Amino acid sequence: MTNIRKAQAKDLGRIAEIEVFNYRQNFFPIFKSEWFYFVELTVENVAKRYENMLDDIWVYEDVAVHGFVMVEGEEIIKLFVEPALQNNGTGAKLLEYAKQQGGRCLWALEKNKDAIRFYTRHGFKQTGDKKLEEDTTEYLVKLEI
């Protein structure tokens with residue numbers, strides 16, 4: 001039995017909370033923008049941004065929503081798991097589900113070595129393509145199956 005289902009409006013707060021916690025934990029140490037990570041990046045703002053994107057989001061739920069994945073066409077846009085619940089297979093299950101939905105490629109922050117290792121363990125390979133993260137001097141690297 002799978003615990004993955006299409007996201008619903010009732011999930012928006014939890015999806016946003018998971019993203020905010022992950023962004024602060026993983027990206028604030030790199031970008032160090034207190035204004036963005038602690039003023040602009042709020043659960044309310046993120047939830048509002050996702051209101052019209054629910055068709056592209058799936059959640060893994062077991063008692064509560066543990067994580068989510070967003071797929072647009074062949075691109076996996078986001079995959080996040082609640083930090084307190086990581087390393088228990090949820091991310092792997094969401095990634096496999098994203099592949100079943102057609103997800104074949106993604107972009108990861110070059111300095112996010114843990115994410116790159118995770119995707120590599122699950123069959124993704126770096127293509128050599130890079131692009132700047134919007135409004136920063138940091139690079140994203142492309143991975144694909």
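Quantities reported herein were computed from a predicted structural model and do not represent experimental measurements.
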Checklist entry - How far apart are the C-alpha atoms of V20 and T42, what are their side-chain angles, what is the distance that settles it, and do they pass the side chain to side chain contact (heavy atoms under 4.5 Å, CB included) test? => result CA-CA 7 Å; V20 167; T42 65; 5.9 Å; no
Item to check | For the student: nearest non-hydrogen atoms of A16 and A47, plus distance | outcome: CB-N, 3.5 Å
Checklist outcome for this item: Taken in chain and number order and not counting sequence neighbours, the residues that satisfy ring-ring contact (aromatic ring centres under 6.0 Å, His included) with F27 are Y23
Checklist entry - Which residue pairs satisfy the salt bridge (charged side-chain N to carboxylate O under 4.0 Å, His left out) criterion with at least one member in residues 82-94, sequence neighbours excluded? => result R14-E82
Checklist entry - Does one hydrophobic cluster hold both M70 and Y60, with members joined at side-chain heavy-atom distances below 4.5 Å? => result no
Next on the checklist: For the NZ atom of K78 and the CG atom of L94, what is their distance to the nearest 0.5 Å?
Outcome noted: 14.5 Å
Checklist entry - When clusters are formed by joining ILVMFWY residues with side-chain heavy atoms under 4.5 Å apart, either directly or through shared neighbours, do F124 and Y97 land in the same one? => result yes
Checklist entry - Does some side-chain heavy atom of V59 sit less than 4.5 Å from a side-chain heavy atom of I4? => result no
Checklist entry - Considering residues at least two apart in sequence or located in another chain, which fulfil the salt bridge (charged side-chain N to carboxylate O under 4.0 Å, His left out) criterion with K130? => result E110
Next on the checklist: Could you see if W35 belongs to whatever hydrophobic cluster contains V46? Use Ile, Leu, Val, Met, Phe, Trp, Tyr and a side-chain cutoff under 4.5 Å.
Outcome noted: yes
Next on the checklist: Under the rule for side chain to side chain donor-acceptor pair (under 3.5 Å), what residues qualify as partners of S33, not counting sequence neighbours?
Outcome noted: none
Checklist entry - Between R104 and E75, is there a donor-acceptor pair closer than 3.5 Å when you use the side chain of the first and the backbone of the second? => result no
Checklist entry - CG of D55 to NZ of K6: how many Å apart, nearest 0.5 Å? => result 5.5 Å
Checklist entry - Pairs in or reaching into residues 30-53: which pass salt bridge (charged side-chain N to carboxylate O under 4.0 Å, His left out), with residues at least two apart or in two chains? => result E19-R49
Report, one line per pair, each donor and acceptor closer than 3.5 Å where one atom sits in a side chain of residues 138-145; sequence neighbours left out.
residue	atom	partner	partner atom	Å
E138	OE1	K111	NZ	3.4
E138	OE2	K111	NZ	3.1

Checklist entry - Are the side chains of F68 and F80 in touch, meaning some heavy atoms are under 4.5 Å apart? => result yes
Checklist entry - Going by the salt bridge (charged side-chain N to carboxylate O under 4.0 Å, His left out) test, which pairs reach into residues 57-73, not counting sequence neighbours? => result R5-E61
Checklist entry - I18 versus V81: any side-chain heavy-atom pair under 4.5 Å? => result no
Scan the side chains in residues 115-122 for donor-acceptor partners under 3.5 Å anywhere in the protein, sequence neighbours excluded, and list what turns up.
residue	atom	partner	partner atom	Å
R117	NH2	D114	OD1	2.3
T120	OG1	I116	O	2.8

Checklist outcome for this item: Sequence neighbours excluded, the answer for ring-ring contact (aromatic ring centres under 6.0 Å, His included) partners of W107 is none
Item to check | Spacing of L85 atom CG and H66 atom NE2 [to the nearest 0.5 Å] | outcome: 5.0 Å
Checklist entry - When you look at F28 and F38, which way does the side chain to side chain contact (heavy atoms under 4.5 Å, CB included) test go after all the steps? => result CA-CA 9 Å; F28 175 73; F38 298 101; 3.8 Å; yes
Checklist entry - Which residues satisfy the salt bridge (charged side-chain N to carboxylate O under 4.0 Å, His left out) test with E74, sequence neighbours excluded? => result none
Item to check | ring-ring contact (aromatic ring centres under 6.0 Å, His included) against F21, all qualifying residues, sequence neighbours excluded | outcome: none
Item to check | Residues forming a side chain to side chain contact (heavy atoms under 4.5 Å, CB included) with A98, sequence neighbours excluded | outcome: V69, V71, I76
Checklist entry - Are Q86 and N22 close enough that a side-chain donor and a side-chain acceptor fall under 3.5 Å? => result yes
Item to check | Test item: L54 and L12 side chains (from C-beta on) under 4.5 Å apart, heavy atoms | outcome: yes
Checklist entry - Has the side chain of N112 got a donor or acceptor atom that lies under 3.5 Å from a matching backbone atom of L109? => result no
Checklist entry - F31 versus Y37: any side-chain heavy-atom pair under 4.5 Å? => result yes
